[in-house]
S.K.: 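This is the structure, below, for whatever I ask next.
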2 protein chains.
Amino acid sequence: MREATLKDVATRAGVSIRTVSNVVNGYAPVSDALRAKVETALGELDYRPNVIARNLKQGRSGLLGLVVPELDVPYFAELARATIAAGRRHGYTVMVDQTDADPERERELLTRNSRLALFDGLILSPLTLTVQDLRVRGNRAPIVLLGEHLFDGSFSHVAIDNVAAAREATEHLIALGRTRIAAIGDQPYQTGETAQLRTAGYRQALERAGIAYDPRLVRPTERFHRRLGAAAATELMALPSPPDAIFCYNDLLALGALRSLVRAGVRVPDDVAVIGIDGIEEGEFSMPSLSTVAPDKQQIATLAVESLVALIEGTAAPAPAEVRAAHTLLPRESTLGISGLGVSGLGISG
Amino acid sequence: MREATLKDVATRAGVSIRTVSNVVNGYAPVSDALRAKVETALGELDYRPNVIARNLKQGRSGLLGLVVPELDVPYFAELARATIAAGRRHGYTVMVDQTDADPERERELLTRNSRLALFDGLILSPLTLTVQDLRVRGNRAPIVLLGEHLFDGSFSHVAIDNVAAAREATEHLIALGRTRIAAIGDQPYQTGETAQLRTAGYRQALERAGIAYDPRLVRPTERFHRRLGAAAATELMALPSPPDAIFCYNDLLALGALRSLVRAGVRVPDDVAVIGIDGIEEGEFSMPSLSTVAPDKQQIATLAVESLVALIEGTAAPAPAEVRAAHTLLPRESTLGISGLGVSGLGISG
DNA sequence: TGGCAGCTCTGCAACGATGCAGACATCGTG
DNA sequence: CACGATGTCTGCATCGTTGCAGAGCTGCCA
């Protein structure tokens with residue numbers, strides 16, 4: 001059975017389509033008698049408006065899309081929550097998609113026939129997209145980017161200062177007196193821009209402290225996952241002179257490293273201090289809890305949505321903005337130690 | 001500047017709208033000469049199809065919606081990933097929304113004017129919705145439900161056997177010789193159906209093993225979050241006779257409990273064994289790693305998408321199906337102990 | 001040369017809703 | 001009583017696209 005349309009309802013109620021529309025939307029004044037008749041017909045036919053038709057007429061859908069590489073990476077999940085909330089505050093519904101960090105999927109998004117063209121605007125957290133890709137997009141909706149990519153100024157951006165964040169994390173380790181500070185997560189190839197900025201921050205901190213840079217202590221990882229962090233930490237501890245601290249480029253790497261260290265009987269932080277970046281909730285509950293530099297996800301989400309809405313509604317100059325969000329160092333047990341227990345580290349007992 | 005339409009392109013190229021459409025979609029045979037002219041015009045005007053108009057004409061959007069209570073709960077994030085993949089296999093794009101576990105937001109989804117009406121179908125993981133709510137929905141798209149709610153048979157469902165899952169988790173603890181087995185996560189009120197099923201499974205296992213049910217060992221928690229698990233575990237250990245094992249209704253509760261136990265110097269699993277439900281990746285990397293009963297998320301996602309697509313495309317009888325997905329017990333260190341180290345538990349050293 | 005098939009291409013209608021201008025009835029006022 | 005103001009209600013055009021039926025042309029064969 002076909003869905004009832006305004007026309008069906010109008011026929012049944014013996015009024016014009018327009019009047020039915022008015023009743024449905026509560027627009028123009030409608031007499032009680034007619035209103036009652038229309039409402040009866042609406043009920044009898046179980047009328048439900050066709051949102052697509054309405055959107056076509058109004059030229060907007062009220063939907064924003066957030067596209068992240070991996071939804072099950074906690075940082076993105078937490079960011080998604082914040083973005084959905086920010087969207088609501090501006091009257092938009094945000095829906096989330098992921099690309100599995102697949103370059104082809106990322107490019108597919110921008111395709112002429114992408115279904116995302118239904119959305120009034122897009123917030124992208126790209127991994128591999130180039131400015132070129134974005135230029136030729138078949139997508140009519142405005143775009144705001146998250147992260148450091150594509151800083152050629154043609155698109156609005158929201159990101160933390162990754163160099164500073166990495167520097168502060170490293171400086172925190174230095175302040176604890178550590179000198180052999182390893183780094184896990186470098187990505188010295190084209191699409192690893194965020195990682196490269198963090199490497200820069202790491203090296204800045206070392207340099208300022210007069211600590212020599214030791215390339216053997218820097219482990220690249222293709223992605224920022226727990227398993228890779230664990231493997232890299234194991235390798236680091238097998239070095240002739242292992243590190244006394246590890247700066248991980250994100251919290252998942254750090255949590256993987258943490259487990260492999262503790263599992264191997266290394267005391268954290270006494271033997272090796274560990275810090276990450278992301279400020280995910282999981283890090284508050286690891287044992288020991290994870291020190292981290294937390295980007296202000298609320299702020300990132302709010303700024304991204306605000307920029308996007310301004311583009312959509314034309315309330316701002318279309319000049320692309322580069323927006324910086326805040327970040328905060330959150331020292332926890334993995335660098336400060338476990339307080340209140342009369343012990344100074346966590347290891348294997350038995 | 002307005003977006004170019006087919007009409008604009010047609011005017012510029014001196015051909016009919018229909019021909020432009022044909023070129024864009026590669027439909028009918030078009031002579032090379034015309035095709036070239038049209039393509040030039042397309043390029044000059046930077047034409048991008050209006051997906052909304054296309055959808056209106058075709059009566060579908062190719063979009064499925066997945067709505068979960070909280071995206072930053074890892075179980076849901078992992079399920080979302082699986083669902084997005086399953087949707088792609090069927091030619092649909094899945095986009096994810098969350099309700100913040102807010103009853104009003106859940107109901108809002110089904111409203112006449114909900115933007116989700118743009119979607120061809122919806123997969124809902126409801127917390128508080130009643131059958132009543134679903135009946136009066138102003139939403140035309142078919143719906144498939146995740147979880148045990150609303151088992152009155154009017155809607156298609158996909159869920160694991162929660163009673164069995166909880167029973168198997170508890171039996172695993174019993175098989176280890178534990179007798180004072182606590183439970184964290186009961187929700188003995190209307191909207192806590194999943195929790196109640198898990199309580200039933202827990203009690204079944206106790207009963208079968210001839211262990212008396214001790215209500216003091218069952219801690220309710222309003223939600224399934226790490227912090228509440230930690231608090232509940234602390235309370236349990238403060239009992240005159242504390243438990244020697246804890247069954248948590250999900251992995252987040254268990255991870256919270258794990259931390260508070262280890263933090264307090266309790267040896268896991270020697271003193272207290274811990275198990276959860278969900279099989280989230282985080283549990284593989286906690287210290288000790290978390291034993292769990294893992295629902296087959298792939299299967300859940302696949303079954304949900306298949307049911308939904310069948311409803312949308314009318315290839316299946318509209319009779320609502322109740323589908324069971326598989327689950328697997330995954331014993332890890334939090335019950336089996338840490339092997340290969342010559343130690344039998346993890347605690348505080350120093 | 002007539003007729004037909006096959007290839008291109010076009011115009012119109014339609015998807016289901018809303019904006020707009022105006023028709024019609026009613027009412028109050030001068 | 002005439003008039004305009006007000007309050008209801010309607011029809012038409014429109015959003016941008018695609019389905020459908022058919023027009024016009026070409027070329028081939030009898």
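The sequence lines fix the lettering, A, B, ..., with proteins before strands; numbering per chain opens at 1.
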S.K.: Which nucleotide in the list dG11(C), dC9(D), dC20(C) gets nearest to the side chain of Arg18(A)?
M.R.: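 It is dC20(C).
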
S.K.: Reckon Asn55(A) has a side-chain N or O less than 4.0 Å from the OP1 or OP2 of dA17(C)?
M.R.: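 The answer is no; no side-chain N or O of Asn55(A) sits under 4.0 Å from OP1 or OP2.
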
S.K.: Has Asn50(A) got a side-chain N or O lying under 4.0 Å from the OP1 or OP2 atom of dC15(C)?
M.R.: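 Negative; the distance criterion is not met.
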
S.K.: Take atom NZ of Lys57(A) and atom P of dG16(D), then tell me their distance rounded to the nearest Å.
M.R.: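 These atoms are roughly 9 Å apart.
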
S.K.: Could you give the CD1-to-C1' distance, from Ile52(A) to dG16(D), as a whole number of Å?
M.R.: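 To the nearest whole Å, that distance equals 13 Å.
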
S.K.: Checking side-chain polar atoms at under 3.5 Å, does Asp120(B) have a donor or acceptor matched by the opposite partner on Ser61(B)?
M.R.: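 The criterion, which ignores hydrogens and geometry beyond distance, is satisfied for Ser61(B) and Asp120(B).
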
S.K.: Which part of the nucleic acid, if any, lies within reach of Leu34(A) when heavy atoms closer than 4.0 Å are counted: base, sugar-phosphate only, or nothing?
M.R.: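 Leu34(A): backbone/sugar contact only, no base atoms under 4.0 Å.
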
S.K.: Do the side chain of Arg54(A) and the base of dG16(C) come within less than 3.5 angstrom through a donor-acceptor pair of N or O atoms?
M.R.: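 No.
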
S.K.: Once you round it to whole Å, what is the distance between C1' of dG22(C) and CG of Asn22(A)?
M.R.: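 Spelled out: CG on Asn22(A) to C1' on dG22(C) is 15 Å.
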
S.K.: I need the CZ-P distance between Arg35(A) and dT8(D), as an integer number of Å.
M.R.: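 Computing the Arg35(A):CZ to dT8(D):P distance gives 10 Å.
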
S.K.: Quiz question: by atom type and distance under 3.5 Å, do the side chains of Thr19(B) and Arg35(B) form a donor-acceptor pair?
M.R.: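 Note: Thr19(B) and Arg35(B) side chains miss the donor-acceptor criterion.
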
S.K.: Working to the nearest 0.5 angstrom, can you tell me the gap between Leu63(B) CG and Asp97(A) CG?
M.R.: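 Here the interatomic distance stands at 8.5 Å.
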
S.K.: For Pro295(A) and Ile160(A), which heavy atoms make the closest approach, and how far apart are they?
M.R.: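 It is CB-CG2, 3.6 Å.
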
S.K.: In whole angstrom, what separates Leu118(B)'s CG from dG16(C)'s P?
M.R.: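 Going from Leu118(B) (CG) to dG16(C) (P), I get 15 Å.
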
S.K.: Please compare Val15(B) and Ile17(A) by the position of their nearest nucleotide in DNA chain C and report the one closer to 5'.
M.R.: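 Closer to the 5' end of DNA chain C: Val15(B).
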
S.K.: Hey, are Arg88(B) and Glu108(A) close enough for a salt bridge, meaning a charged N less than 4.0 Å from a carboxylate O?
M.R.: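 Result for this pair is yes, salt bridge flagged.
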
S.K.: Name the nucleic acid region contacted by Ser31(A), choosing base, sugar-phosphate or nothing; use a 4.0 angstrom heavy-atom cut-off, strictly under.
M.R.: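 Since only primed, P, OP1 and OP2 atoms lie under 4.0 Å of Ser31(A), the category is sugar-phosphate.
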
S.K.: Counting heavy atoms from C-beta on, name the nucleotide in dG16(C), dT17(D), dC9(C) closest to the side chain of Val30(B).
M.R.: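 Taking heavy atoms from C-beta onward, the closest nucleotide is dC9(C).
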
S.K.: Starting at atom CZ of Arg60(B), determine the distance to atom P of dG19(D), rounded to an integer number of angstrom.
M.R.: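 Result: 13 Å.
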
S.K.: Are any of Thr19(B)'s side-chain N or O atoms less than 4.0 Å away from OP1 or OP2 of dT10(C)?
M.R.: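 So the side chain of Thr19(B) is within the cut-off, an N or O lying under 4.0 Å from OP1 or OP2 of dT10(C).
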
S.K.: Taking the nucleotide of DNA chain C with the closest heavy atom to each, which residue, Leu56(B) or Ser16(B), is nearer the 5' end?
M.R.: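 It is Ser16(B), whose closest nucleotide lies nearer the 5' terminus.
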
S.K.: Measure CD/Gln58(B) against P/dA13(C) and give the value in whole Å, please.
M.R.: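 Interatomic distance, CD of Gln58(B) to P of dA13(C): 21 Å.
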
S.K.: How many Å lie between CG on Leu6(A) and P on dT10(D), as a whole number?
M.R.: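 Atom-to-atom, Leu6(A) to dT10(D), this comes out as 13 Å.
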
